[in-house]
**Q** 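First the structure, then my questions, so here it is.
Not measured: the values here are computed from a predicted model. Sequential numbering from 1 along the given sequence is applied to the chain's residues.
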Amino acid sequence: AEDRRFSGPLFAFQRIVPDYLSINFVDRFERVEDFNLGNELNFRTQVAPKALGSREDTLLLKASTTDGWRLTPTSFFRAEINGASRIDLHEVSNVLFGARLKFYDIVGALQLGGFYIGKHTLASSLSIDIGEKLDRDFQLLLGAGNGLRGYKDRTFSGDHRIVLHLEDRFYMVEDVFRLLSIGGALFFDAGGTSDDGISDLLKDNLYADVGFGLRFGVSRSSGGAVIRADVAFPLRDGPDGSGTFEPRFIITAGQAFSAKLPSERLRSQAASVSAGFLP
């Protein structure tokens, strides 16, 4: 936006304690993924004075800390706390605090009554975001594409947000014709947004859905891409006109949530930009 032009030097600090877990059947079927369970600390600030072309004398701040814990060789927690703010001569604005907790348990192959029912992974994610004096064009959103699969995309917005995901992911057939791996998921989503604080959100603005879906792992893609097709059923009438137990169909790329943390996704995007892979 024209009123948010920032120009100036960027200073960053990062500390990484390596404790990597390499494991498959997390987010990308048989593809092994690496997750650091050691502590990571990131801090970044940009000094953007008017003398260098900014609209105001401004200080931009962003920080995060992450950690992880192994429970067993195939189950782990990952957590992140992050914050950001903008400070100028007149006020502190665009303040955002977030917390994430993710738990995965790769259960493995299961049988029911002597029949093979796939390799199962229990996946869960809880996130809380609290904003204050956010820019008008920046909102904390919820809907089919960002948390609540039973409701239309961007149905809910506010400056406070809570989202909970629970999934049983199962993988049935691997590397069919060396093209696809096939699986599915049973899921539960719950969450809400509010402009009046967490207590108002928990009291009046919580929504939830249940559902099931198919997962297709593209074996020949370099990143082990996953395509998902979900059917979600709202457990409460929504402001978007969604009725209780009215099915909503979603076909898109990627899992609804992953074991990656926000700071890692931002680093991946930055690396892609510097390598010329993104505009």
**Q** When hydrophobic residues are tied together by side-chain contacts of less than 4.5 Å, even through go-betweens, does L141 share a cluster with V163?
**A**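 The answer is no; the residues belong to distinct hydrophobic clusters.
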**Q** Using modelled atom types and a 3.5 Å cut-off, is there a donor and acceptor pairing between side-chain atoms of N39 and backbone atoms of I16?
**A**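 No; judged by distance alone, with no hydrogens or angles, the pair does not exist.
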**Q** Search all heavy atoms of G158 against all heavy atoms of D195 and return the closest pair with its distance.
**A**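 Shortest heavy-atom contact: CA-OD1, 3.2 Å.
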**Q** Could you give me the CA-CA distance, side-chain angles and deciding distance for L179 and V218, then say whether side-chain contact (heavy atoms from CB on, under 4.5 Å) is met?
**A** CA-CA 6 Å; L179 294 175; V218 184; over 6 Å; no
**Q** Once rounded to the nearest 0.5 Å, what's the spacing between atom OH of Y207 and atom OG1 of T193?
**A** 8.5 Å
**Q** Would you please say whether a donor-acceptor pair under 3.5 Å links the side chains of E40 and S263?
**A** no
**Q** Would you say R169 and T121 are linked by a side-chain donor-acceptor pair, where the criterion is simply a distance under 3.5 Å?
**A**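 No pair is found: no donor N or O on one side chain lies under 3.5 Å from an acceptor on the other.
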**Q** Do you know which two heavy atoms are closest between L261 and A79, and how far apart they sit?
**A**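 Taking every non-hydrogen atom into account, CD1-O, 3.7 Å.
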**Q** Verify, without hydrogens or angle tests, whether Q255 (side chain) and D27 (backbone) share a donor-acceptor contact under 3.5 angstrom.
**A** yes
**Q** Transitively linked via ILVMFWY side-chain contacts under 4.5 Å: I106 with L37?
**A** yes
**Q** Can you get from I81 to F13 by hopping between Ile, Leu, Val, Met, Phe, Trp and Tyr side chains that sit under 4.5 Å apart?
**A**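 No, separate clusters.
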**Q** Does R86 come within less than 4.0 Å of D135, counting only side-chain N to carboxylate O?
**A**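 D135 and R86: salt-bridged.
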**Q** Just wondering, do L201 and L206 contact through their side chains at under 4.5 Å, heavy atoms?
**A** yes
**Q** Where do K152 and S242 come nearest, in terms of heavy atoms and distance?
**A** N-OG, 4.3 Å
**Q** Do the non-hydrogen side-chain atoms of F43 and R15 ever get within less than 4.5 Å of each other?
**A**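 The answer is no, as the side chains (C-beta and beyond) never meet within the 4.5 Å cut-off.
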**Q** Quick check against the 3.5 Å criterion: does R44 have a side-chain atom that pairs as donor or acceptor with the backbone of A12?
**A** no
**Q** Do F188 and V231 share a hydrophobic cluster (ILVMFWY, side-chain heavy atoms under 4.5 Å, transitive)?
**A** yes
**Q** Evaluate side-chain contact (heavy atoms from CB on, under 4.5 Å) for Y151 paired with R236, printing each intermediate quantity in order.
**A** CA-CA 10 Å; Y151 301 88; R236 177 183 174 186; 3.8 Å; yes
**Q** Kindly give the heavy-atom pair with the smallest separation between L142 and G147, and that separation in Å.
**A** CD2-CA, 3.9 Å
**Q** So, the side chain of N36 versus the backbone of D19: is there a donor-acceptor pair under 3.5 Å, distance only?
**A** yes
**Q** Any side-chain heavy atom of L52 sitting closer than 4.5 Å to one from P9?
**A**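 Yes - at least one pair of side-chain heavy atoms lies under 4.5 Å apart.
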**Q** Just how far is it from atom CD of E132 to atom CG of N94, taken to the nearest 0.5 Å?
**A**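 Rounded to the nearest 0.5 Å, the CD-CG separation comes to 11.0 Å.
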**Q** Set out, in order, the CA-CA distance, both residues' side-chain angles and the distance that settles salt bridge (charged side-chain N to carboxylate O under 4.0 Å, His left out) for R149 and D209, then state yes or no.
**A** CA-CA 7 Å; R149 282 168 272 190; D209 61 64; 5.1 Å; no
**Q** For a 4.5 angstrom cut-off between non-hydrogen side-chain atoms, does F233 reach T244?
**A**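 No, their side chains stay 4.5 Å or more apart.
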**Q** Who passes ring-ring contact (aromatic ring centres under 6.0 Å, His included) against F103, sequence neighbours left out?
**A**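 Checked F103 against ring-ring contact (aromatic ring centres under 6.0 Å, His included); matches are F77.
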**Q** For atom OH of Y116, decide whether the heavy atoms of other residues, nucleotides or ligands shown that lie under 6.0 angstrom number more than 12.
**A**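 Yes, the 6.0 Å shell around OH holds more than 12 heavy atoms from other groups.
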**Q** In a check of side-chain hydrogen bond (donor to acceptor under 3.5 Å, both in side chains) between S181 and each of R28, E30, R215, which one passes?
**A** E30
**Q** What's the separation between atom CD in Q46 and atom CZ in F11, rounded to the nearest 0.5 Å?
**A**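 If we round to the nearest 0.5 Å, Q46:CD and F11:CZ are 9.5 Å apart.
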**Q** Can you confirm whether L148 sits close enough to T155 that some side-chain heavy atom of one is under 4.5 Å from a side-chain heavy atom of the other?
**A** no
**Q** Would you say that H90 contacts D57 through its side chain, given a criterion of any heavy-atom pair below 4.5 Å between the two side chains?
**A** no
**Q** If hydrophobic clusters are built from ILVMFWY residues whose side chains come within less than 4.5 Å, do F187 and M172 share one?
**A**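 No, F187 does not connect to M172 through the hydrophobic network.
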**Q** Does the side chain of T58 come under 3.5 Å of the side chain of D88 through a donor N or O and an acceptor N or O?
**A**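 No, no side-chain donor-acceptor pair sits under 3.5 Å.
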**Q** Measure from the side-chain N and O atoms of D153 to the backbone N and O of G145, and report whether any donor-acceptor pair falls under 3.5 Å.
**A**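 Yes.
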**Q** Hey, are the side chains of E167 and F257 touching, using non-hydrogen atoms and a 4.5 Å cut-off?
**A** yes
**Q** To the nearest 0.5 angstrom, please state how far the CD1 atom of I128 sits from the CG atom of L140.
**A** 12.5 Å
**Q** Is the shortest side-chain heavy-atom distance between I87 and S85 below 4.5 Å?
**A**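 Counting from C-beta outward, I87 and S85 do come under 4.5 Å.
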**Q** With distance as the sole test, does R5 use its side chain to make a donor-acceptor pair with the main-chain N or O of G53 at under 3.5 Å?
**A**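 Yes, the answer is positive, given that a donor and an acceptor are paired below the 3.5 Å cut-off.
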**Q** Report the C-alpha separation of R228 and I250 in whole Å, then their side-chain angles, then the decisive distance to 0.1 Å, and conclude whether the side-chain contact (heavy atoms from CB on, under 4.5 Å) test is met.
**A** CA-CA 8 Å; R228 63 181 171 93; I250 304 164; 4.2 Å; yes
**Q** Just how far is it from atom OG of S125 to atom NZ of K102, taken to the nearest 0.5 Å?
**A** 3.5 Å
**Q** Grab the two heavy atoms, one from D200 and one from D196, that are nearest each other, plus how far apart they are.
**A**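 For D200 versus D196, the nearest heavy atoms are CB-O, 3.6 Å.
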**Q** Could you check Y20, W69, F76 and say which one makes a ring pair (Phe, Tyr, Trp, His ring centres under 6.0 Å) with F35?
**A** F76
**Q** Above 12 or not: heavy atoms from other molecules or residues under 6.0 Å from CG of L89?
**A** yes
**Q** Enter the distance from L21:CG to Y104:OH here, rounded to the nearest 0.5 Å.
**A**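 It is 12.5 Å, given to the nearest 0.5 Å.
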**Q** Counting only heavy atoms not in E246, do more than 12 fall under 6.0 Å of its CD?
**A** yes
**Q** Name the residue from E174, H120, E33, R31 that meets the side chain to side chain contact (heavy atoms under 4.5 Å, CB included) definition with F25.
**A** E174
**Q** Where do D240 and R154 land on the salt bridge (charged side-chain N to carboxylate O under 4.0 Å, His left out) test, with the steps shown first?
**A** CA-CA 9 Å; D240 61 338; R154 300 170 177 262; over 6 Å; no
**Q** Looking only at heavy atoms, what is the nearest atom pair of S64 and N82, with distance?
**A** CB-CB, 3.7 Å
